[in-house]
Asker: 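Structure incoming, see below.
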Amino acid sequence: MFFDNKKGPVFLKEDSQAEKQLQLLKEMEPELNEEGRTLLEQDIRYLEYGIAGERNVAFELKNSNMPMYVLHDLYLEQGEMSAQIDYMVFTPKLCFVIECKNLFGDIEITSDGDFIRTLDGWGKGRRKGIYSPITQNERHLQVIKNLLLSESKGFFAKRNIENGFAGSYRSVVVLANPQTILNSRYAKKEVKQKVIRADQLIAYIRNAEAEWPERGRSDKAMREWAEGFLKCHREKEIAYTGKYDRYKQDTAERNERAGRGADRVAVPVQQAVEELPVYKELRAYRYQMSRKEGIKPYYIYNDAQMKELIARMPGTKEELLNVQGFGPVKADKYGADVLAILERHRR
């Protein structure tokens, strides 16, 4: 039995390192001097802008009404190579490897494949070349291919990967800023086909699916395809805060900035979220459902999403949909139980 076309997209991984990085940076602000805070605010703006772009892509995917499995912010390693992939989208026939760019200004792609950005309008503002996101994404595809080859056994299996990879795995660069104008009229056809705006993404996927002659996978096979890559994901350890060490204030400076006297008593540390009864009950429910469905607990919701549930304490399904990781499918499936748990612990 092949994929039920009534079933919409399923996000098997929706969180991102960028969200975690943003939280860490915001928590650092009280520790920094004025120069450090200026640098931090700039970095936060750029980070928030990138996150907003990826959310624009997520919105398009969630509202596609297409059968697909989605992995967001996947980090893969193979030998000396690594790839931080914004999105891998698995449809019945194809896998789309998406590089999301939420760029300021307008983008021109020349006949040589160069990317030129203009910040103040065509021909009027400052023009600057940028690193080709197509080249960047091609490296991601090479890591994926090497990973598949390393895990395949036998000459014929490896040959099938070599012969079929270019057709099955599609590179696409998505410009997520709705105000960006893309000028690719002089670009070569093979380059032009790989760069689209976010509002064109679903039409692009539908057309590619329709044109590919091979038979589509079943729901089970498609999920296993996506889960195979999810198992290869590694949490990348990054020292996000190291660059700000030189700007840290000492304790006296922080107290003065916060308006506290030297003789004030320190504010007690709040109870860790992991120790809260609501956290423990949400975790127990996640484990129970994962055992029942035969899946990993983080497929229900991961730790970061669980903490966001507690921070937001949504009371309705509509509010639940605003929590990272809870799209319509998850909200329908687990929403009533999750909301009931939160209600029991609401103050």
Side-chain angles (χ1 to χ4, degrees), residues 1-5 7 9-10 12-13 57 60-61 64 66-72 74 76-79 81-101 109 113 132-175 184 187-198 200-233:
M1 178 174 149
F2 285 88
F3 205 102
D4 179 1
N5 289 324
K7 185 174 182 178
V10 176
L12 295 179
K13 183 180 183 299
V57 172
E60 297 295 335
L61 295 172
S64 65
M66 289 185 65
M68 61 174 66
Y69 285 95
V70 182
L71 303 177
H72 176 216
L74 206 65
L76 304 177
E77 291 181 338
Q78 174 55 36
M81 299 182 68
S82 64
Q84 190 85 39
I85 300 170
D86 291 335
Y87 287 96
M88 289 185 75
V89 177
F90 300 84
T91 60
K93 296 181 180 180
L94 301 167
C95 172
F96 298 86
V97 181
I98 297 175
E99 177 67 21
C100 176
K101 293 296 181 185
I109 308 175
S132 168
I134 292 180
T135 301
Q136 182 180 1
N137 216 28
E138 290 296 336
R139 290 177 178 169
H140 295 169
L141 284 166
Q142 189 61 53
V143 172
I144 292 171
K145 183 178 179 180
N146 290 348
L147 195 60
L148 292 172
L149 289 171
S150 70
E151 296 188 351
S152 63
K153 296 180 180 180
F155 170 79
F156 292 105
K158 291 181 184 293
R159 188 174 68 176
N160 287 338
I161 292 171
E162 290 282 2
N163 293 339
F165 184 84
S168 297
Y169 292 83
R170 304 294 179 88
S171 170
V172 55
V173 174
V174 177
L175 302 180
S184 59
K188 295 178 181 178
K189 183 179 179 180
E190 60 269 23
V191 172
K192 188 182 301 186
Q193 290 176 337
K194 294 179 180 178
V195 184
I196 59 175
R197 291 166 51 91
Q200 301 169 329
L201 177 59
I202 303 309
Y204 175 93
I205 292 175
R206 289 186 187 277
N207 290 339
E209 276 281 296
E211 292 172 359
W212 191 240
E214 294 186 1
R215 192 179 183 186
R217 293 170 175 80
S218 66
D219 181 13
K220 180 181 178 181
M222 185 161 52
R223 181 166 190 142
E224 289 176 349
W225 190 15
E227 287 179 344
F229 282 98
L230 183 56
K231 291 176 182 176
C232 295
H233 169 68

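All residue numbers refer to positions in the sequence shown, counting from 1.
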Asker: Return the minimal non-hydrogen interatomic distance between K101 and P133, and the atom names on each side.
Answerer: CE-CB, 3.8 Å

Asker: Can you tell me how far the NE2 atom of H233 sits from the CD atom of E77, to the nearest 0.5 Å?
Answerer: 10.5 Å

Asker: Check whether more than 12 heavy atoms from other residues, nucleotides or ligands sit under 6.0 Å from atom NZ of K158, and answer yes or no.
Answerer: yes

Asker: Nearest heavy-atom pair of M88 and C95: which atoms, and what distance?
Answerer: CE-SG, 3.6 Å

Asker: Nearest 0.5 Å, what's the CD-CG distance between Q200 and L175?
Answerer: 9.0 Å

Asker: Once you round to the nearest 0.5 Å, how far does NZ of K231 lie from CD of E224?
Answerer: 8.0 Å

Asker: Does some side-chain heavy atom of D219 sit less than 4.5 Å from a side-chain heavy atom of Y69?
Answerer: yes

Asker: Is it true that a side-chain atom of R170 and a backbone atom of V97 form a donor plus acceptor pair closer than 3.5 Å?
Answerer: no

Asker: Taking all heavy atoms of L141 and all of S171, pick out the closest pair and write down the distance.
Answerer: CD1-CB, 3.3 Å

Asker: Hey, does T91 have a side-chain heavy atom less than 4.5 Å from the side chain of I205?
Answerer: yes

Asker: Between CG of L201 and CZ of R206, what distance do you get to the nearest 0.5 Å?
Answerer: 11.0 Å

Asker: For A187, is there any backbone N or O sitting under 3.5 Å from a side-chain donor or acceptor partner on S184?
Answerer: no

Asker: With the side chain counted from C-beta on, respond yes when K93 and E209 share a heavy-atom pair under 4.5 Å apart, and no when they do not.
Answerer: yes

Asker: Mind checking side-chain hydrogen bond (donor to acceptor under 3.5 Å, both in side chains) for N146 and listing every partner two or more places apart, or none if nothing turns up?
Answerer: Q142

Asker: If we only count heavy atoms from C-beta on, is the V10 to F90 side-chain gap below 4.5 Å?
Answerer: no

Asker: Enumerate the residue pairs fulfilling salt bridge (charged side-chain N to carboxylate O under 4.0 Å, His left out) with a member in residues 138-154, sequence neighbours excluded, ordered by first and then second residue.
Answerer: E138-K194, K145-E162

Asker: How long is the span from the CG atom in L71 to the CG atom in L230, to the nearest 0.5 Å?
Answerer: 5.5 Å

Asker: I need the minimum non-hydrogen distance between V143 and S82, along with the two atoms involved.
Answerer: CG2-O, 3.7 Å

Asker: Here's a test for you: under side-chain contact (heavy atoms from CB on, under 4.5 Å), which of I85, L12, L148 qualifies with F229?
Answerer: L148

Asker: Are the side chain of E60 and the backbone of I202 linked by a donor-acceptor contact shorter than 3.5 Å?
Answerer: no

Asker: Ring-plane angle category for Y87 and H72, please: parallel below 30°, perpendicular beyond 60°, tilted otherwise.
Answerer: parallel

Asker: Is a donor on one side and an acceptor on the other found under 3.5 Å between the side chain of E99 and the backbone of I134?
Answerer: no

Asker: Residues in ring pair (Phe, Tyr, Trp, His ring centres under 6.0 Å) with Y169, at least two apart?
Answerer: F165, W225

Asker: Grab the two heavy atoms, one from L94 and one from G167, that are nearest each other, plus how far apart they are.
Answerer: CD2-O, 3.2 Å

Asker: Just verifying a value: how many Å separate M222 CE and E227 CD, rounded to the nearest 0.5 Å?
Answerer: 11.5 Å

